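Small disclaimer: the values here were computed from a predicted structure and weren't measured. One-based numbering, in listed order, for ligands and for the atoms of each.
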Amino acid sequence: MVIAGTFTFDTESLSMKLLVINIARLVNTRKETKLLRGKELAELPIIENAFLVIDNGRIENYGSMSNVPVIDATIIDAQHATVLPAWCDSHTHLVFATSREKEFVDKLKGLSYAEIAAKGGGILQSAQKLNETSEEELFNMALIRLKEVINTGTGAIEIKSGYGLTVEGELKMLRVIKRLKERSPIPIRASFLGAHAYPIAFKNNHKEYIDSIINEMLPMIAKEKLADYIDVFCEDGFFSRDETETICKAGIKYGLQAKIHANQLSLSGGVEAGVKLEAVSVDHLEVMNEGTIECLANSATIGTMLPTAAFFLRMPFPPARKMIDAGAAIAIASDFNPGSSPSGNMNLVVAMSCIQMKMLPEEAINAATINGAQAMGLGEELGSITIGKRANLIFTKPIPSLAYLPYSFGSNLIDKVMINGEFQSAE
Ligand code: NIG
Ligand code: FE
């Protein structure tokens, strides 16, 4: 890629109006934004041999090179890169204190989930470590991860709490997310996931922990404006459907929309609870049947699938085809977390959605961009090449076709990532 006159990717030099020329494919060009469901997911508008004008970090104009405008702008020759809207990763647990590769190796040696939990592994181990770690350390570690995922093409991200499981721990996590929001060049949405697991002390006293979530944590979170969404791990052995509804309703009273971990390990009732509560999304969906697919498809709730988590845990993948064919609105996300998806690489998520869930490249790209943005309430800001939206973009290396992206799953095909009209340095 060549920037006429400067030959540099220094972000300072790009703050004026930009005219990007010679784009091999400009992907997901849309006059307006809407949530895509069913067959619409396979429709991915593309302009071949295109130009793009960016002003003040936002998309001002685009079209075919045959209509390239004559304007006063810094010219960037894309040299036949494919340009896509940056990935919108709508489900992550990016703030955590330590990795859990010991547990990973124990699992390889055959230890069961219960044995690992008995050895102090799992979510509770992450919670213990997080409670021992300072806000400053957590922030610094999370910032490194955030930079890493931006460099792999993520242009908006949701981040959950849920490794605190104490009043102090949950607030600490959410304050870290708030500080990340302030520092981040990409939009961040925060979800309060105090209901991620029962701390050992409350194992036999669910009511007391739920009371703490509702009467201690939520009022403080609302007062400090620390969360956008309320999340619950609705699963056998974690939070029941009734408990999920109680917690979400309390969050909704504080203006937080629901976004639920549903049906990861069983038919947990999470999908039905989410639809009833008008959740923005129900996430995971490895275990679905006709009834839950129908329920989701007839709702405005987005079904978010997390294929790298299914892959890492060797679980059956969500039945993406059945959900799409039933007319559901679906998104895909990374679930970046130390226990079930130690990767926030959305390129891999897109590839795995095609390879393992038989989604078409067009469907996976829509699910990771425009529908991912909608699953964070950012549909008007990101997720497509639309006039007025933020110029958060992926510039690929030369590729023969769009299908080459998921096909060549192990290669880094990203040349540059642009955020708010500025190329990111690749450190
Ligand atoms: O989304 N399913 C629940 N929570 C995480 C995993 C958390 C962990 O193991 O640390 C998930 O996969
Ligand atoms: Fe998750």
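His93 has its closest N, O or S atom to the Fe ion (ligand 2) at the position named NE2. Looking at His261, its N, O or S atom nearest to the Fe ion (ligand 2) turns out to be NE2.
Only the side chain of His93 comes within contact range of ligand 1, with a heavy atom under 4.0 Å; no backbone atom does.
Using a non-hydrogen distance threshold of 4.0 Å, Tyr163 registers as a contact of ligand 1.
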**OP:** For the pair Phe336 and His93, evaluate ring pair (Phe, Tyr, Trp, His ring centres under 6.0 Å) and give the outcome as yes or no after the intermediate values.
**Re:** CA-CA 6 Å; Phe336 191 5; His93 309 247; 9.6 Å; no

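Nearest to atom 4 (N) of ligand 1 by heavy-atom distance, out of His261, His196, Glu235, is His196.
Here the shortest heavy-atom pairing between Cys295 and Val271 reads SG-CG1, 4.3 Å.
The single protein non-hydrogen atom nearest to atom 12 (O) of ligand 1 is Ser340 OG, 2.5 Å, given as residue, atom name and distance. Closest protein heavy atom to atom 11 (C) of ligand 1: Asp335 OD2, 3.2 Å. The protein heavy-atom contact nearest to atom 2 (N) of ligand 1 is Gln264 OE1, 2.6 Å.
Note on Lys107 versus Glu103: salt bridge recorded, some NZ/NE/NH1/NH2 to OD/OE distance being below 4.0 Å. The pair Arg179-Glu135 meets the salt-bridge criterion, with a side-chain N (NZ, NE, NH1 or NH2) lying under 4.0 Å from an Asp/Glu carboxylate O. Between Lys34 and Glu40 there is a salt bridge, since at least one side-chain N of the basic residue sits less than 4.0 Å from a carboxylate O of the acidic one. Residues Glu158 and Lys259 are not paired through a salt bridge, judged by the lack of any N-O separation under 4.0 Å between the basic side chain and the carboxylate.
Considering the Fe ion (ligand 2) as centre, the angle to NE2 of His91 and to OD1 of Asp335 is 80° (10° rounding).
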